[in-house]
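Every heavy atom of this structure was used, including side-chain atoms; hydrogens, water molecules and symmetry mates were not. Note that the structure is predicted; figures quoted are calculated from it, not measured.
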Amino acid sequence: CEVCAVPSSSETRNADRLQNTKNCSSTTVMTTMRTGALTLLIVLATLASSSHATLDAAGLIEAAGLPAERHWVESSDGFVLGMFRIPRKNAPVAFLQHGFLDSADTWILNYRNNSLAFMLYDAGFDVWLGNSRGNKYSRNSTKYSPDWPFNSAFWDFSWDDMARDDMPTQIDYALSVSGRDKVVYIGHSQGTTQAFANFAHADWDVSDRVSLFVALAPVGKVYSTKSLLIQAMSTVGLDRIIQFLGVKEFLPTSSLLRWLMPTVCQATPLLCESAIYLFAGLDLGDLDKSRMPIYMQHFPSGTSCKDAGHWAQGVRHDEFQMYDYVLTNMLHYGQLFPPQYDVSKVRVPVALFSGGQDALADTTDVKWLHANLPNIVFNQYIPSYAHLDFVWGKNAATKLYNNVVQLAKQYSGSAY
């Protein structure tokens, strides 16, 4: 800090330099603190003025100038699932299901002309947004408590249970309210996984109520995944730890997290970009960095440790299969190993949309789906796309949503 050093006589020069250095250090620290505080105040003011700060999915829909409805439906095993609707009477139904750790919010976080749910509504659809058990909108049950210490039974689920119970419950409810007999089902990430599992299982299959399955960032196997988060969960044996300690909640949403993450992302965007990269890969060309604080205010939305553990198992086994209880498979399934999901039995027409930078839905695993699904009616591969671009990409409307809407129009209400 040379500008502060004002040496006097040779006898006092060293003492002066030491004192001036201390003064400079103190000044630098205070300046840094003031700058940091000012930055924080600006960020907080920005967040406070943001309409996204306290809005749920219905509030976000209404903020876009559209009508919104909140619905709750109980699954056959007692889970209360939150659903949202952008209602349009006497219209074909589009049902959208979010991915791993996500919620219905994901479909409506971009601008009106670049959010798939809004585009489908504008195209004439009655739009329903589902929520999987355990996320912030479906954290309730008529049988179990989600809260510690009596919560083990509530969190004892994986995406098997979503395929078996959540998906049929929500689709049937949407059709009942809308007065239609078929939906166009659009899933992202785990929203596609539970659909592949459901359509492949004879006892759960709701294919007769689905005219088209649009699979965005489709996931069946994850044996080849490059997601560092999923790989790390597999390496530490998350599923085995769960079975030893008991099942619990994984990355739940909280008021502190909703407040903190947008602040962190606005102040240090690289940190949040790195977190997304660890989970799903990253395409900086299609990531709208200005909206990162908004995205991270709504993500993650929580799931069970068992659900996360099911993903970890997929890295160790080159199979698309039910949850592996290892020593108690015989008790759960009546056989030593978990039953397989045979996607060659999927009868519903499928439209695949995959990305070359997708760390979670790796191209090798997507090729396996492509080779085994019997009724693929459309396939689009976007080399630059990462996992979350399919819901948050700033150019998603032109790169894929227009195709999705066109396919939905083509297949809505059709038989096969």
Side-chain angles (χ1 to χ4, degrees), residues 53-57 70 72-84 97-106 130-167 169-170 189-191 193-194 229-230 232-264 275 278-279 296-314 322-328 331-332:
T54 58
L55 297 179
D56 68 354
R70 298 174 179 87
W72 287 266
V73 59
E74 183 180 348
S75 68
S76 61
D77 57 347
F79 281 80
V80 180
L81 310 174
M83 301 176 68
F84 297 91
Q97 183 61 47
H98 64 79
F100 181 53
L101 291 171
D102 214 342
S103 74
D105 298 352
T106 200
N131 284 286
S132 296
R133 62 183 61 198
N135 83 353
K136 63 181 181 180
Y137 294 125
S138 300
R139 201 177 179 275
N140 202 356
S141 169
T142 58
K143 297 181 179 180
Y144 313 115
S145 169
D147 300 319
W148 188 88
F150 308 109
N151 61 350
S152 288
F154 181 93
W155 297 106
D156 187 17
F157 67 81
S158 80
W159 50 259
D160 287 334
D161 304 273
M162 300 172 193
R164 184 190 64 239
D165 291 310
D166 296 2
M167 183 177 165
T169 296
Q170 294 186 97
S189 184
Q190 186 174 259
T193 309
Q194 61 183 274
L229 173 64
I230 304 298
M233 291 192 305
S234 178
T235 300
V236 301
L238 180 62
D239 52 307
R240 299 186 182 112
I241 295 173
I242 291 165
Q243 291 181 21
F244 179 74
L245 299 177
V247 292
K248 293 292 183 286
E249 193 171 4
F250 184 73
L251 292 181
T253 188
S254 68
S255 56
L256 176 62
L257 193 65
R258 287 194 299 270
W259 174 83
L260 182 62
M261 288 307 296
T263 305
V264 170
L278 290 175
F279 168 58
M296 300 309 291
Q297 197 162 28
H298 297 266
F299 180 90
S301 290
T303 187
S304 70
C305 287
K306 183 178 179 180
D307 185 37
H310 199 167
W311 287 104
Q313 290 179 356
M322 294 185 182
Y323 188 84
D324 189 356
Y325 292 93
V326 190
L327 298 179
T328 59
L331 177 64
H332 287 87

Derivation and outcome, side-chain contact (heavy atoms from CB on, under 4.5 Å), residues Trp155 and Trp148: CA-CA 10 Å; Trp155 297 106; Trp148 188 88; over 6 Å; no

Could you check Met167 against Gln97 for side-chain contact (heavy atoms from CB on, under 4.5 Å), going step by step and ending with a plain yes or no? CA-CA 9 Å; Met167 183 177 165; Gln97 183 61 47; over 6 Å; no

Determine whether Tyr144 and Asn151 satisfy the following criterion, side-chain contact (heavy atoms from CB on, under 4.5 Å), listing intermediate values before the conclusion. CA-CA 7 Å; Tyr144 313 115; Asn151 61 350; over 6 Å; no

Determine, stepwise, if the pair Tyr137 / Leu81 fulfils side-chain contact (heavy atoms from CB on, under 4.5 Å). CA-CA 7 Å; Tyr137 294 125; Leu81 310 174; over 6 Å; no

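Side chain of Trp159 to backbone of His310: no donor-acceptor contact under 3.5 angstrom is found. Between the side chain of His332 and the main chain of Thr328, a donor-acceptor pair closer than 3.5 Å is present. The backbone N or O of Gly78 lies less than 3.5 Å from a partner atom in the side chain of Ser141, making a donor-acceptor pair. Ser234 places a side-chain N or O within 3.5 Å of a backbone atom of Ala312 that can act as its donor or acceptor partner.
The OG atom of Ser132 sits 10.5 Å away from atom CG of Asp161, with the distance rounded to the nearest 0.5 Å. For the atom pair Met322 CE and Gln313 CD, the distance stands at 13.0 Å (nearest 0.5 Å). The CE atom of Met162 sits 11.5 Å away from the OG atom of Ser75 when rounded to the nearest 0.5 Å.
The side-chain heavy atoms of Leu55 and His298, taken from C-beta on, include no pair separated by under 4.5 Å.
With no hydrogens or angles considered, a side-chain donor-acceptor pair links Glu74 and Thr142 at under 3.5 Å. Between the side chains of Asn131 and Asn135, at least one donor N or O lies within less than 3.5 Å of an accepting N or O. In the model, Ser304 has no side-chain atom that pairs as donor or acceptor with a side-chain atom of Glu249 under 3.5 Å.
Residues Gly309 and Tyr323 come closest through the heavy atom pair C-CE1, 4.3 Å. Gly99 approaches Ser189 most closely through the heavy-atom pair CA-CB, 3.7 Å. For the residue pair Phe154 and Phe79, the shortest heavy atom distance occurs at O-CZ, 3.2 Å. When all heavy atoms of Phe84 and Asp56 are compared, the closest pair comes out as CE2-OD2, 3.9 Å. Trp311 and Thr193 make their closest contact through CH2-OG1, 3.4 Å (heavy atoms, listed as atom of the first residue, atom of the second, distance). Ser76 approaches Thr169 most closely through the heavy-atom pair N-OG1, 4.1 Å.
Partners of Asp105 according to the salt bridge (charged side-chain N to carboxylate O under 4.0 Å, His left out) rule, which considers only residues two or more places apart in sequence or in another chain, are Lys136. With sequence neighbours excluded, the residues satisfying side-chain contact (heavy atoms from CB on, under 4.5 Å) with Asp102 are His98, Thr106, Phe299. Residues meeting the salt bridge (charged side-chain N to carboxylate O under 4.0 Å, His left out) test with Asp160, sequence neighbours left out: none.
Between Phe157 and the choices Arg164, Arg133, Lys306, the side chain to side chain contact (heavy atoms under 4.5 Å, CB included) rule is met once, by Arg133.
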